[in-house]
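Just so we're on the same page: letters track the sequence lines, and every chain starts at 1.
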There are 2 protein chains.
Amino acid sequence: MAQTQSLPLFVQISEMLIRDISAGRLLDGERLPPERDMAGQLQISVGTLRKALADLTAKGLLERRQGSGNYIRQGSDTASVYALFRLELIAGGGLPTAQVLSVATMTKPDDLPAFGRSDVAHRIRRLRRLNGQAAALEEIWLDGSYTKALRVEDLSESLYLFYRRNLGLRVQRAEDRIGMGVCPDWGSGLLGADKESLGLVERVTWDQDGHSAEFSRTWFDTDKVRYVSRLR
Amino acid sequence: MAQTQSLPLFVQISEMLIRDISAGRLLDGERLPPERDMAGQLQISVGTLRKALADLTAKGLLERRQGSGNYIRQGSDTASVYALFRLELIAGGGLPTAQVLSVATMTKPDDLPAFGRSDVAHRIRRLRRLNGQAAALEEIWLDGSYTKALRVEDLSESLYLFYRRNLGLRVQRAEDRIGMGVCPDWGSGLLGADKESLGLVERVTWDQDGHSAEFSRTWFDTDKVRYVSRLR
DNA sequence: AGGAATTTGTGCGTATGTATC
DNA sequence: AGATACATACGCACAAATTCC
């Protein structure tokens with residue numbers, strides 16, 4: 001099992017299992033083979049497998065029952081397994097898409113809280129939709145230490161996928177502050193009927209090394225949309 | 001290292017370190033001894049110590065740097081280390097206290113979402129304060145499967161401590177839904193000036209076995225208070 | 001600049017405890 | 001009560017990152 005210059009073995013196993021769940025090869029409620037058997041099939045040690053399974057548990061995809069077995073727990077959304085937070089329609093669900101409005105790089109304005117290790121940051125403004133309907137405005141400040149430049153065409157639908165694949169940045173932890181706020185100038189009109197007051201979530205995220213990576217604000221109409229955060 | 005009928009060793013170590021941080025015996029930025037030395041001092045194996053340290057990392061209290069060392073990262077709030085979520089004054093901080101208004105046990109009303117394994121639930125209503133000032137109303141529905149009866153005098157300041165110590169219930173995961181709502185009848189007047197609309201967080205929590213344990217609603221004045229959730 | 005020493009990360013194997021079936 | 005299966009704990013070897021000289 002030599003595996004230099006690739007991801008750690010337990011990460012490979014964990015991601016393989018996540019793919020199996022996403023693809024429907026492992027179904028909700030299904031029981032996995034005993035750890036020793038499974039480790040034997042995969043040609044890895046029990047300890048390594050256990051580390052991969054602990055990862056799935058942390059993501060809420062697995063339930064481990066001592067004396068019983070390991071059971072797949074497929075969350076409501078398999079697509080956004082990596083997502084710690086999501087927007088959803090009050091009615092429930094909604095297909096999420098995101099449209100990048102602008103990207104800019106500048107020295108951090110004074111009204112931002114302290115985060116990251118650089119004086120500069122990339123500002124990403126997005127309009128997020130659910131089932132095609134405008135649902136929220138988002139302004140993300142990514143610390144300048146991860147990349148020098150950022151272009152609109154770099155950004156795929158999933159920011160976190162881009163962060164991970166292109167910048168080597170993995171978001172490990174986040175803190176949300178929930179309150180109300182007024183619609184920013186640049187977003188006026190984009191959310192439909194103008195409201196005096198919108199739901200506002202301010203978020204700071206941290207990377208795999210414990211450094212704060214992003215500060216972001218998300219404005220949304222609380223009559224149409226809910227903001228869901230998954231904690232552990 | 002026999003340790004029957006007490007908490008696992010790695011949990012004991014983790015909690016000891018958290019107490020050390022809270023008490024100021026370990027300061028922000030401080031570097032811990034090498035793992036092997038530390039394990040030797042504590043008379044435990046390196047693997048066990050590593051599990052405790054992983055726990056601190058997950059809580060955002062430690063930064064581990066390969067080839068360098070383990071560094072204390074003291075969050076803004078040392079007191080509520082166990083908390084996944086907290087209320088704070090917009091100005092920042094505030095000493096949290098909670099006053100139980102009522103406890104009742106009944107079959108679950110229809111307007112609750114599906115959670116837990118029992119048909120009955122305990123309803124706990126609390127008034128939460130910050131620096132003595134009324135900050136939020138809270139209605140918690142605890143699934144009936146954890147205990148038959150619940151009395152006001154059972155409940156300590158920290159519900160989660162009570163859950164763990166008396167009910168064997170450890171909250172492992174939670175999901176918050178953020179929106180707006182109107183003040184419930186039973187709480188009118190308690191939050192001071194009547195508002196048309198309050199911040200509302202609906203929360204479902206899961207126990208160590210992956211069963212949903214609680215459903216709760218928290219109402220708060222978004223002009224005075226912010227709701228903070230810590231994700232991982 | 002570069003190599004050695006230090007320190008954490010990964011992976012393996014094993015023994016024993018404890019919950020479930 | 002016995003078998004099964006996960007949980008905890010120990011120890012070792014080597015890899016990778018950092019630091020120091």
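In this structure, the CZ atom of Phe10(A) is 14 Å from the C1' atom of dA16(D), given to the nearest Å. Nucleotide dG13(C) holds its C1' atom 16 Å from the CD atom of Gln43(A), rounded to whole Å. Distance Glu35(B) CD to dA16(D) C1': 14 Å, rounded to the nearest Å. At whole-Å resolution of the value, CG in Leu9(A) and P in dG13(C) are 12 Å apart. Put simply, OH on Tyr71(A) is 12 Å from C1' on dA19(C), counting in whole angstrom units. What separates CG of Asp37(A) from C1' of dA5(D) is a distance of 10 Å, to the nearest Å. Here the C1' atom of nucleotide dT7(C) and the CE atom of Met38(B) are 14 Å apart, to the nearest Å. Taking atom CD of residue Glu63(A) and atom P of nucleotide dT20(C), one finds them 11 Å apart after rounding to whole Å.
For Lys108(B), the salt bridge (Lys or Arg N to Asp or Glu O under 4.0 Å) test picks out Asp143(B), with sequence neighbours left out. Residues passing the salt bridge (Lys or Arg N to Asp or Glu O under 4.0 Å) test with Asp37(B), sequence neighbours excluded: none.
Note on ring orientation: taking the six-membered ring where Trp is involved, the planes of Phe115(B) and Phe215(B) are tilted (angle from 30° to 60°).
Backbone-only engagement by Gly69(B) is indicated by non-hydrogen atom pairs under 4.0 Å involving sugar-phosphate atoms exclusively.
Side-chain proximity of Pro8(B) to the nucleotides dT8(D), dG13(C), dT8(C) is greatest for dT8(D). Comparing dG11(C), dC6(D), dT8(C) by their nearest atom to the side chain of Arg64(A) picks out dC6(D). Taking the side chain of Arg36(B) as heavy atoms from C-beta on, and the options dA7(D), dC14(D), dT19(D), the nearest nucleotide is dC14(D). When the nucleotides dC6(D), dC12(C), dT8(C) are ranked by their closest atom to the side chain of Gln66(B), dT8(C) comes out on top. Listed nucleotides dT8(D), dT18(D), dG17(C) differ in distance to Lys51(B); the shortest reach to its side chain belongs to dT8(D).
A sub-4.0 Å separation between OP1 or OP2 of dC10(D) and a side-chain N or O of Ser45(B) is present. Considering only side-chain N and O atoms, Arg50(B) lies under 4.0 angstrom from the phosphate OP1 or OP2 of dG9(C). Within the structure, every side-chain polar atom (N or O) of Ser68(B) is placed at least 4.0 Å from both OP1 and OP2 of dT7(C). An OP1 or OP2 oxygen of dA5(D) is reached within less than 4.0 angstrom by a side-chain nitrogen or oxygen of Arg31(A).
Position along DNA chain C of the nearest nucleotide to Leu49(A) versus Pro34(B) favours Pro34(B) as the more 5'-ward residue. Projected onto DNA chain D by closest heavy-atom contact, Asn70(A) and Gly67(B) fall at different nucleotides, the more 5' of which corresponds to Asn70(A).
For the pair Phe10(A) and Thr48(A), the tightest heavy-atom approach, listed with the atom from each and the gap, is CB-O, 3.7 Å.
The existence of a salt bridge linking Arg126(B) and Glu138(B) is confirmed by a sub-4.0 Å separation between a basic side-chain nitrogen and an acidic carboxylate oxygen.
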